[in-house]
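Reading through the structure tokens given below for one structure.
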Amino acid sequence: MESVGVLMPVPMSPYLEQELERRFNLLKLWTAPEKAEFLKAHSGAVRAVIGNAGNGADVGLIEALPELEIIASFSVGIDKVDLEKCREKGIRVTNTPDVLTDDVADLAIGLALGVLRRLCEADGYVRSGGWKNGDYKLTTKFTGKTVGIIGLGRIGKAVAKRVEAFSCPIAYYSRTEKPDLKYKYYPSVVELASNCDILVVVCPLTQETRHIINREVIDALGPKGILINIGRGAHVDESELVSALLEGRLGGAGLDVYENEPDVPEQLFQLENVVLLPHVGSDTVETDTAMADLVIGNLEAHFLNKPLLTPVV
Ligand SMILES: O=CC(=O)O
């Protein structure tokens with residue numbers, strides 16, 4: 001497979017890069033001084049593209065690569081890949097589900113604890129010597145709070161499992177009720193937000209879920225409510241979120257994702273009831289390796305005419 005051209009548009013994981021380089025003709029777009037020229041020069045050779053959470057494959061890229069057969073995303077979310085175009089052109093698409101579920105769910109709990117117990121602020125209190133002048137202020141309990149989950153897929157269920165250990169009542173919203181689950185179902189996000197203390201966004205980003213967290217939902221969650229977003233930034237109307245936090249209409253937020261990454265609204269930097277992470281949900285050494293192995297496994301399966309391991313299209 002050494003002659004198969006695999007295009008990596010942006011750097012992702014050194015391990016993935018190294019393993020792709022051992023097996024394929026890896027073309028690293030970001031290293032080219034003139035990207036358009038590079039693409040033109042290699043367009044006939046590229047049979048696979050590696051996507052990720054921030055960079056997929058839009059119509060422009062797909063149309064520029066006439067020999068493209070497969071897009072293997074180094075992410076579970078494939079909202080940056082034009083799936084319709086791929087279906088139309090018979091291009092296969094794979095992602096990396098399951099292997100990252102635990103890490104992302106763990107991080108949701110970390111964010112909830114971070115916001116409620118003010119972990120980052122309290123850490124700063126010790127580092128800056130503040131403790132020498134007195135105890136840190138009281139914070140808010142997590143155990144027993146009602147947690148609402150938007151999207152009860154693999155990661156949503158893993159969040160629920162963890163939250164159960166904190167004796168938190170669990171409710172959820174998804175397109176359809178899941179009768180096999182014991183959690184309380186709400187048929188609208190506003191109803192869910194009105195009936196929980198912590199709202200976790202963990203559904204895939206689609207046209208229907210874009211800005212699923214809007215002003216009405218934020219107001220339903222209210223001044224004591226906490227929003228945790230481990231899905232995609234575009235799930236949330238970010239300017240509404242910022243104004244609700246600045247005006248005290250929302251109790252706090254734990255965010256791993258933003259509408260225009262890596263740009264994060266700077267008004268949030270001054271707020272102690274907000275924990276901001278740089279989209280690191282699945283970024284552990286262990287999961288990076290597992291995701292990379294899955295990307296490579298899918299490419300090898302494809303080029304050996306075997307069934308894909310985790311097909312989306
Ligand atoms: O955001 C990360 C992913 O989709 O894997």
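Nothing here was measured: the structure is a model prediction, and the numbers come from that model. In this chain, residues are counted from 1 in sequence order. Atoms within a ligand are numbered from 1 in the order they appear, just like the ligands themselves.
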Checklist entry - Do Val81 and Leu68 belong to the same hydrophobic cluster, where Ile, Leu, Val, Met, Phe, Trp and Tyr are linked whenever their side-chain heavy atoms lie under 4.5 Å apart, directly or via other members? => result yes
Item to check | Contact (N/O only, under 3.5 Å) between Arg232 and ligand 1 | outcome: yes
Checklist entry - With respect to Ile91, which candidate in Leu65, Ile62, Val49 satisfies the side-chain contact (heavy atoms from CB on, under 4.5 Å) definition? => result Ile62
Checklist entry - Which heavy atom of Thr140 sits nearest a heavy atom of Arg117, and at what distance? => result O-CD, 3.1 Å
Next on the checklist: Regarding Asp237 and Ser239, do their side chains bring together a donor and an acceptor under 3.5 Å, going by distance alone?
Outcome noted: yes
Checklist entry - Relative to the heavy atoms of Ala53, which atoms of ligand 1 are at a distance of less than 4.0 Å? => result 1 (O), 2 (C)
Checklist entry - Any nitrogen or oxygen of Val76, main chain or side chain, under 3.5 Å from a nitrogen or oxygen of ligand 1? => result yes
Next on the checklist: Suppose I only count heavy atoms of Ser75 and a 4.0 Å limit; which atoms of ligand 1 are within that range?
Outcome noted: 3 (C), 4 (O), 5 (O)
Checklist entry - N/O of His279 under 3.5 Å from N/O of ligand 1, yes or no? => result yes
Checklist entry - Rounded to the nearest 0.5 Å, how far apart are CZ of Phe303 and OG of Ser3? => result 9.5 Å
Checklist entry - Which atoms of ligand 1 have any heavy atom of Leu100 under 4.0 Å away? => result 5 (O)
Checklist entry - Is it the case that Ser188 and Glu191 place a side-chain donor and acceptor less than 3.5 Å from each other? => result yes
Next on the checklist: Considering both backbone and side-chain atoms of Gly77, is one of its nitrogen or oxygen atoms within less than 3.5 Å of a nitrogen or oxygen in ligand 1?
Outcome noted: yes
